[in-house]
Amino acid sequence: MSTSSFTLRYFNVAGLAETIRLLLTAANVEWTEEHPEWPQEKPNQPFGRLPVLIQKNDGEEDLVLSESVTIERYLARTYGFLPTDPRKAALQEQIRDRLTDIIIAFFLQLSASAEKKEELAAKFENLLSKQIEVTSQALRDNGNNGHFFGSDLTYVDIATYAFFNYLIVSGKEQQASVSELVKSSLTPELHKLISVVEASPQLAAQVAKRGKLVSVLSA
């Protein structure tokens, strides 16, 4: 029986790779992380960008993937964090895909000129507000047990946790007002999800590296 191991290439920040790290940790597989010299190593990546995931079977390179969401879904499907039923999987994926739109809007308003700043900040806030509204309702519909679907840890639980962790912790370093906005907007349902995900034994190793978001929220 072949044994898989993984190498994740990315910068030494949460960024676009934290959901990947959490999925690898939850899957309880052997994995390591590389931080390539940048931009020197840019030409050596499949699409000239990071993250990149390398899978080895019995020590031999077997698969190289680029693009963060592609890597996430490959791991989620391979290790059972997405259902095999395409309809049920799509319900998770639509929530995850909205997160990408919001992160893009965050960076656009962050780097906007003075003339566009207000308009793009409002767009970001509107997208965020709608996401919080929809996801909070989805959590209530599932009994407010800290999971979007069922009672086990799923892809969308992990991705949503990583998303809010990024905006609140990393976002504070880039734009403190956004971090405070997100903190003040979190509903009791999302607080519950964050605490349940962080308490998962499957994720303990990676949560310990980054520190607990619940501690930041209660500070």
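Residue pairs that meet the side-chain hydrogen bond (donor to acceptor under 3.5 Å, both in side chains) test with at least one member in residues 78-89, sequence neighbours left out, do not exist here. Residue pairs that meet the salt bridge (charged side-chain N to carboxylate O under 4.0 Å, His left out) test with at least one member in residues 154-168, sequence neighbours left out, do not exist here. The salt bridge (charged side-chain N to carboxylate O under 4.0 Å, His left out) pairs that include a residue from residues 4-15 are Arg9-Glu34, where partners are two or more places apart or lie in different chains. Every pair passing ring-ring contact (aromatic ring centres under 6.0 Å, His included) that includes a residue from residues 111-151 is listed here, sequence neighbours excluded: Phe106-Phe124. Residue pairs meeting the side-chain hydrogen bond (donor to acceptor under 3.5 Å, both in side chains) criterion with at least one partner in residues 99-108, sequence neighbours excluded, are Arg96-Thr100. Among residues at least two apart or in separate chains, side-chain hydrogen bond (donor to acceptor under 3.5 Å, both in side chains) pairs with a member in residues 10-19 are Glu18-Arg21, Glu18-Gln206, Glu18-Arg210.
Of the inter-residue distances, the one linking Leu22 atom CG with Lys209 atom NZ reads 10.0 Å to the nearest 0.5 angstrom. Separation of atoms CD (Glu125) and OG (Ser129) is listed at 9.0 Å; rounding is to 0.5 Å. Remark: Ser68 OG to Leu50 CG distance equals 11.0 Å, nearest 0.5 Å. The line from OG of Ser185 to CD1 of Ile132 is 4.5 Å long, rounded to the nearest 0.5 Å.
Ion pairing between a basic and an acidic side chain is recognised when a charged N comes within 4.0 Å of a carboxylate O; Glu133 and Arg98 show no such pairing.
Under the 4.5 Å side-chain heavy-atom criterion for ILVMFWY residues, no single connected hydrophobic cluster contains both Leu167 and Leu108. Linking ILVMFWY side-chain heavy atoms closer than 4.5 Å, directly or via other members, places Val207 and Val13 in two distinct hydrophobic clusters. Both Tyr155 and Leu139 are assigned to one and the same hydrophobic cluster, defined by single-linkage of ILVMFWY side chains at heavy-atom distances under 4.5 Å. Hydrophobic cluster membership differs between Leu16 and Val156, with clusters built from Ile, Leu, Val, Met, Phe, Trp and Tyr side chains linked at under 4.5 angstrom. A continuous path of hydrophobic side-chain contacts links Ile102 to Tyr166 [ILVMFWY only; heavy atoms under 4.5 Å].
Under the 4.5 Å side-chain criterion, counting only non-hydrogen atoms from C-beta, Tyr161 is in contact with Leu193. With a 4.5 Å cut-off on side-chain heavy atoms, Val196 and Ser200 do not count as touching. Counting heavy atoms from C-beta outward, Leu82 and Thr154 have side chains that stay 4.5 Å or more apart. Using a 4.5 Å cut-off on side-chain heavy atoms (C-beta onward), Phe81 and Arg73 make no contact. With a 4.5 Å cut-off on side-chain heavy atoms, Leu153 and Leu203 count as touching. Within the 4.5 Å cutoff, the side chain of Ser195 has heavy atoms near those of the Lys192 side chain. Side-chain contact check for Gln94 versus Leu91: some heavy-atom pair is nearer than 4.5 Å. Counting only heavy atoms from C-beta outward, the side chains of Val178 and Leu128 never approach each other to under 4.5 Å.
If you check the side chains of His191 and Glu189, you find no donor sitting under 3.5 Å from an acceptor.
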List the atom pairs, donor and acceptor, that lie under 3.5 Å between side-chain atoms in residues 110-122 and the rest of the protein, sequence neighbours left out.
from	atom 1	to	atom 2	distance (Å)
Ser111	OG	Phe107	O	3.0
Lys116	NZ	Glu119	OE1	3.1
Lys117	NZ	Gln109	O	2.6
Lys117	NZ	Leu110	O	3.2

Let me have the donor-acceptor pairs involving side chains of residues 211-219, under 3.5 Å, with sequence neighbours excluded, atom names and distances please.
from	atom 1	to	atom 2	distance (Å)
Ser218	OG	Val214	O	3.0
Ser218	OG	Ser215	O	3.2

Using atom types as modelled, flag every donor-acceptor pair under 3.5 Å from a side chain in residues 59-67 to any protein atom, sequence neighbours excluded.
from	atom 1	to	atom 2	distance (Å)
Asp62	OD2	Asn57	ND2	2.9
Glu67	OE2	Arg49	NE	3.2

Show, in sequence, the C-alpha distance, side-chain angles and deciding distance for Ile194 and Thr160, and conclude whether the side-chain contact (heavy atoms from CB on, under 4.5 Å) test is met. CA-CA 9 Å; Ile194 289 165; Thr160 298; over 6 Å; no
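Of all heavy-atom pairs spanning Ala26 and Ile158, the tightest one is CB-CD1, 4.4 Å. Between Asn145 and Ser151, the shortest heavy-atom contact is ND2-CA, 3.8 Å.
Lys56 pairs by the salt bridge (charged side-chain N to carboxylate O under 4.0 Å, His left out) definition with nothing, not counting sequence neighbours. Applying the salt bridge (charged side-chain N to carboxylate O under 4.0 Å, His left out) test to Glu198 and every residue at least two apart in sequence or in another chain returns nothing. A search for salt bridge (charged side-chain N to carboxylate O under 4.0 Å, His left out) contacts involving Glu30 returns nothing, not counting sequence neighbours.
Of the possible donor and acceptor atoms, one in the side chain of Gln45 sits under 3.5 Å from a partner among the backbone N and O of Glu41.
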